Amino acid sequence: MSLGYLDMGLLSHAEQLLAVKLASQPAVFYSTQHKINDFHSFAEKVGVKRACILVPYGKRFFMQYEHGFDAISIFKSVSSTDFWNGTLPENNDWYTFNGVALEPFYQLFSKSVVENLVALHMKTLTIIADVPIKVIMIVADDIIDKALLDENIPELGAFIADDLSSLNTVFSTPHFSVTPTLDVGKMFTMETVSAIAEIADDLHIDAEALEILSPVVVFESFNRIKKLLFKDDFCIPGENCKLRILFSQAPSLDNDLLQFQLQKNLLSFFDKATSKIYIETAV
């Protein structure tokens with residue numbers, strides 16, 4: 001028997017063992033073709049207002065993907081693997097918590113979210129990125145369409161597998177096929193780093209969590225702002241917790257007026273740290 005044949009036999013056997021192991025775990029999703037571009041598009045497609053995916057790094061879970069939560073909840077989502085191992089079974093079932101059963105989860109969310117929380121719906125998924133990882137989906141709506149969610153979760157799983165496999169760091173930023181040019185109108189830069197830093201300081205967030213979750217905060221800001229814009233306007237997340245906003249038909253728009261309006265619209269997201277949002281005219 002040649003060494004090459006032996007190596008192939010061992011490899012085949014190892015692959016069979018891995019397949020059997022994964023078959024007994026939660027739904028498994030591999031990198032493949034997918035139609036969604038980000039978690040926001042998934043949430044909007046299935047009609048949920050507040051949802052997230054917790055992804056493990058080391059011995060902690062982080063809200064790597066989210067839709068509709070506020071900045072405080074994004075940072076408070078940091079939780080230990082021990083907490084989840086003792087709380088949520090690792091299978092492909094939905095688990096719904098309400099009433100007093102919600103109390104252990106209050107630590108994960110802002111006071112504003114907790115005060116209006118009626119139910120949490122959760123399930124575990126296994127994503128095959130560079131290595132198999134268990135992630136946790138949480139939906140914080142009162143009632144959900146589980147059948148519709150399950151129908152679209154494979155597409156979401158494929159997106160997450162691709163996204164996690166392509167990361168050079170512990171976080172990702174959205175990708176855009178269209179880059180606006182400043183032919184008409186006016187371009188602004190919105191700086192959120194001070195607002196993010198204030199929330200992180202208040203919650204005593206460590207450097208690792210700040211690095212992982214700051215882009216998540218910026219991406220949620222982007223998603224909220226783009227809903228305020230007309231179809232010919234653009235909002236694009238950039239580096240260093242900044243967003244670039246192009247108003248194509250507003251060449252005389254004032255920085256202070258735009259800053260006031262954005263602070264007003266983002267108050268429910270940044271809370272008191274909204275005062276730390278600054279707008280400048282982009283060069």
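Numbering starts at 1 and runs along the sequence shown. Keep in mind the model is a prediction, meaning the values are calculated, not measured.
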Please step through side-chain contact (heavy atoms from CB on, under 4.5 Å) for the pair Phe270 and Ile72, ending with a clear verdict.
CA-CA 7 Å; Phe270 280 106; Ile72 293 175; over 6 Å; no
Contact check, side chains of Leu266 and Met190, non-hydrogen atoms, under 4.5 Å:
yes
Please determine if Asp202 and Lys272 form a salt bridge, counting it only when a charged side-chain N lies under 4.0 Å from a carboxylate O.
yes
Can you establish whether the number of heavy atoms outside Ile143 located under 6.0 Å from its atom CD1 is more than 12?
no
Centres of the Phe42 and Phe159 rings: under 6.0 Å?
no
For Gln261, does its backbone N or O pair with a side-chain atom of Asn265 as donor and acceptor, under 3.5 Å?
yes
State whether a side-chain donor-acceptor pair under 3.5 Å links Glu208 with Tyr57.
no
Salt bridge present between Glu151 and Lys45 (N-O < 4.0 angstrom):
no
Taking Ala282's backbone N and O only, do any of them form a donor-acceptor pair with Thr189's side chain (distance below 3.5 Å, no angle check)?
no
Heavy-atom count check: over 12 atoms from other residues, nucleotides or ligands less than 6.0 Å from Lys226 NZ?
yes
Donor-acceptor contact present, side-chain Lys186 to main-chain Leu253, <3.5 Å
yes
Side-chain contact test, heavy atoms from C-beta onward, threshold under 4.5 Å: evaluate it for Arg50 versus Glu66 and give yes or no.
no
Hey, does the side chain of Asp145 reach the backbone of Leu148 with a donor-acceptor pair shorter than 3.5 angstrom?
yes
Backbone N/O of Met63 and side chain of Ser77: donor-acceptor pair under 3.5 Å
yes
Establish whether Ile205 and Val193 are linked, either directly or via other cluster members, by ILVMFWY side-chain heavy-atom contacts under 4.5 Å.
no
Student check: side-chain heavy atoms of Met187 and Ile245 closer than 4.5 Å:
no
Can you establish whether the number of heavy atoms outside Lys59 located under 6.0 Å from its atom NZ is more than 12?
no
Would you say Asn223's side chain and Phe219's backbone share a donor-acceptor pair under 3.5 angstrom?
no
Hey, is CD on Glu115 packed in by over 12 heavy atoms from elsewhere, all under 6.0 Å?
yes
Which heavy atom in Gln259 sits nearest to a heavy atom in Tyr278, and how many Å separate them?
OE1-CA, 3.4 Å
May I ask you to check whether over 12 heavy atoms, not counting those of Glu280, lie within 6.0 Å of atom CD?
no
Ile225 CD1 to Asp233 CG distance, which is reported to the nearest 0.5 Å
12.0 Å
Below 6.0 angstrom between ring centroids: does that apply to His121 and Phe97?
no
In Å, rounded to the nearest 0.5 Å, how long is the span from CZ of Phe75 to CG of Asp206?
10.5 Å
Do side-chain atoms of Asp141 reach the backbone of Lys49 as a donor and acceptor pair under 3.5 angstrom?
yes
When every non-hydrogen atom of Thr274 is compared with those of Leu267, the smallest separation belongs to OG1-CA, 3.4 Å
Asn98 side chain to Val118 main-chain N or O, any donor-acceptor pair under 3.5 Å?
no
Test side-chain contact (heavy atoms from CB on, under 4.5 Å) on Met137 and Leu156; report intermediate values, then the result.
CA-CA 11 Å; Met137 173 177 282; Leu156 172 67; 3.3 Å; yes
Establish, from distance only, whether the side-chain atoms of Asp38 and Tyr65 form a donor-acceptor pair under 3.5 Å.
no
Could you tell me whether Asp70 and Arg224 have a side-chain N and a carboxylate O separated by less than 4.0 Å?
no
Under 4.5 Å between any side-chain heavy atoms of Leu102 and Tyr106, yes or no?
yes
Would you give the length of the straight line joining atom CD of Gln263 to atom CZ of Phe269, rounded to the nearest 0.5 angstrom?
14.5 Å
Does a side-chain heavy-atom distance below 4.5 Å link Val217 with Thr192?
no
Which is it for Val78 and Phe61 under the side-chain contact (heavy atoms from CB on, under 4.5 Å) test, yes or no, and what are the steps along the way?
CA-CA 6 Å; Val78 181; Phe61 278 87; over 6 Å; no
NZ/NE/NH1/NH2 to OD/OE distance under 4.0 Å, Lys276 and Glu191:
no
Go through Glu44 and Phe39 one step at a time and tell me if the side-chain contact (heavy atoms from CB on, under 4.5 Å) criterion holds.
CA-CA 9 Å; Glu44 290 164 0; Phe39 190 73; over 6 Å; no
Can you name the closest pair of heavy atoms from Leu210 and Ala200 and give their distance?
CD1-CB, 3.8 Å
Please check this pair: side chain of Thr87 against backbone of Phe83, looking for a donor-acceptor N/O pair closer than 3.5 Å.
yes
Any side-chain heavy atom of Leu54 within less than 4.5 Å of one from Trp84?
yes
Less than 4.5 Å apart, any side-chain heavy atom of Lys134 and any of Leu125?
no
Working to the nearest 0.5 angstrom, can you tell me the gap between Ile136 CD1 and Thr124 OG1?
7.5 Å
Would you kindly confirm whether Phe230 and Leu246 end up in one hydrophobic cluster when ILVMFWY residues are joined by side chain heavy atoms under 4.5 Å apart?
no
Between the main-chain N or O of Ser110 and the side-chain N or O of Ser73, is there a donor-acceptor pair closer than 3.5 Å?
yes
Is there a side-chain contact between Leu108 and Val113 (heavy atoms, below 4.5 Å)?
no
